[in-house]
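Here the structure is laid out as structure tokens; the discussion comes afterwards.
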Amino acid sequence: MRHTTTSHALFQRAKQRIPGGVNSPVRACLAVGGEPLFIKSGRGSSVIDADGNKYLDYVQSWGPLLLGHAHPAVTEAVTRAAAKGTSFGAPCEDEVLLAEEVAALMPALEMVRMVNSGTEATMSALRLARAVTGKNALIKFEGCYHGHGDPFLASAGSGVATLSIPGTPGVPEAVVQDTLLAPYNNLEAVAALFAARSHDIGAVIVEPAAGNMGLVPPLPGFLEGLRSLCDTYGALLIFDEVITGFRVALGGAQARYGVRPDLTTLGKIIGGGLPVGAYGGSRQLMEQVAPEGGVYQAGTLSGNPLAMAAGLAALRVLKTSPYPDLEQQTETLCRGMEERFAAKGIPVRIHRLASMFTIFFTDRPVVDFASAKQADAARYARFYQAMRRRGILFAPSAFETAMVSFAHTPENFSATLEALEGIEPGELSPGNED
Ligand code: KE4
């Protein structure tokens, strides 16, 4: 039995000074029960908590760590950069190098602006789209999460879904009245919104593969249909690739699915684990951004030399990393889990895309937020706890996505399948909550 007395004590202190004891809600484990582990260190596919317990980690900081924790190339780049100073408030070479690297990997991003989070990226991309089109309405999809910017908090996924927050207090009705909602994978609903309000819909923002209602990939034709509707009605198509960028393919979902967005938002992997977000698109669009154009957006630490060094180091390693092998290993793991759940008579739908996967405890198809919510989140919570007792960490929410890294090994996958095999069906039944 793993004792967590230090994590518990730290959590009690944290709750005195930090809302909910965490700096991001989903980390609080409210959806799965129990208390969060305080992590002391990470290396490769594993982390060590404040009590010295080692865990195999499928959270991987929610996506940035496609190379795993503390990859030597990233650690060395950050250490070297830090020795030269942490921030200059002036341009530095690595900003140019990272922008050039992104443009080379994602040709739709002729120009890119670095910011400090995915939230900043989506906020800025929406502002630009509204300025360029002169139309304020935005179509987003139920269950998709685009950060905590006010316009996006209508029926959002991730932590908003995890905590069942109905939108959120503090977001004026006036702000979300221009946010129009459609079910994911439902082109008819989008077409109807355009037919009704094409005169003021300036943008459609979509996770090209949804990762914040659990993993829900696009149905064939969905992304192509959005592209066509945006072209027909003069709206900009924004791909929020904060999760999918550089993960589902080196060129992101836009490369994997062959659909070119007008604007792309990035985060997570682009910073190699440091705070970086970015938004980009054609030169014609991005030249509208200050100081070249009139669309204002700024940030003290945007393009921070440490974050740029980390992102550059990560992308340089990823450019020669074996994506097909990682995809195959993740597929084998997911098939192995399906077999073991089936042997226990537990219905699951496991969605996998590249090195991401989500286990939905349901025997029905999951194609959007409504069907994702039909899955048994309480059983997911018991699964989370059962695996955590066995030294394996999944996301503490049924509305998130497990992340496999290039640091995960065949031994890790075998250990995962053995742990799953060792779970008694009763452990996943009601009444076994931690
Ligand atoms: P950040 O502001 O958290 O860097 O990025 C917001 C964001 C934007 N777009 C997508 C598709 C995202 O998934 C996110 C953030 N992802 C969640 C996890 N699914 C962050 C985890 C958290 O909130 O702690």
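We use all heavy atoms of the structure for the numbers below, so side chains are in, but hydrogens, waters and symmetry mates are not. As the structure lists them, so they are numbered: ligands from 1, and atoms in each ligand from 1.
- Taking only nitrogen or oxygen atoms, main chain and side chain alike, Gly118 reaches within less than 3.5 Å of ligand 1.
- For the residues Met403, Glu400, Met213, the heavy atom positioned nearest atom 18 (C) of ligand 1 is part of Glu400.
- The shortest N/O to N/O separation between Trp62 and ligand 1 does not fall below 3.5 Å.
- Under a cutoff of 6.0 Å and an axis angle of 45°, Arg389 and Tyr384 do not form a cation-pi pair.
- Interface of Glu207 with ligand 1, defined as ligand atoms under 4.0 Å from a residue heavy atom, comprises 11 (C).
- Within ligand 1, the atoms closer than 4.0 Å to a non-hydrogen atom of Ser24 are 22 (C), 23 (O), 24 (O), numbered from 1 in the order shown.
- Annotation: side-chain hydrogen bond (donor to acceptor under 3.5 Å, both in side chains) contacts of Gln254 (sequence neighbours excluded): Glu241, Thr264.
- Between Glu338 and Arg335 there is a salt bridge, with a side-chain nitrogen of the basic residue lying less than 4.0 Å from a carboxylate oxygen of the acidic one.
- Tyr58 has its ring centre less than 6.0 Å from the ring centre of Phe394.
- Salt-bridge check for Lys140 with Asp240: failed, with every basic side-chain N at 4.0 Å or more from each acidic carboxylate O.
- Just one of Val216, Val366, Leu215, Ile350 meets the side-chain contact (heavy atoms from CB on, under 4.5 Å) condition when paired with Thr358; it is Leu215.
- If you look at His351 and Phe357, their ring centroids are not closer than 6.0 Å.
- Below 4.0 Å from some heavy atom of Ser117 lie the following atoms of ligand 1, by number and element: 2 (O), 4 (O).
- Using a 4.0 angstrom heavy-atom cutoff, Thr122 does not count as in contact with ligand 1.
- Residue Lys268 places a heavy atom under 4.0 Å from ligand 1.
- Taking every heavy atom of Ile243 and a limit of under 4.0 angstrom, the matching atoms of ligand 1 come to 13 (O).
- Remark: Glu327 engages Arg256 in a salt bridge, criterion side-chain N to carboxylate O under 4.0 Å.
- Between Asn212 and ligand 1, at least one N/O pair is under 3.5 Å apart.
- Proximity of Thr119 to ligand 1, defined as any heavy-atom pair under 4.0 Å, is shared by backbone and side chain alike.
- Cation-pi geometry between Lys373 and Phe369 is satisfied (NZ or CZ under 6.0 Å from the ring centre, within 45° of the ring normal).
- The Val26 neighbourhood of ligand 1 comprises atoms 22 (C), 24 (O), with distances under 4.0 Å to a heavy atom of that residue.
- Only the backbone of His146 comes within 4.0 Å of ligand 1, judged by heavy-atom distances.
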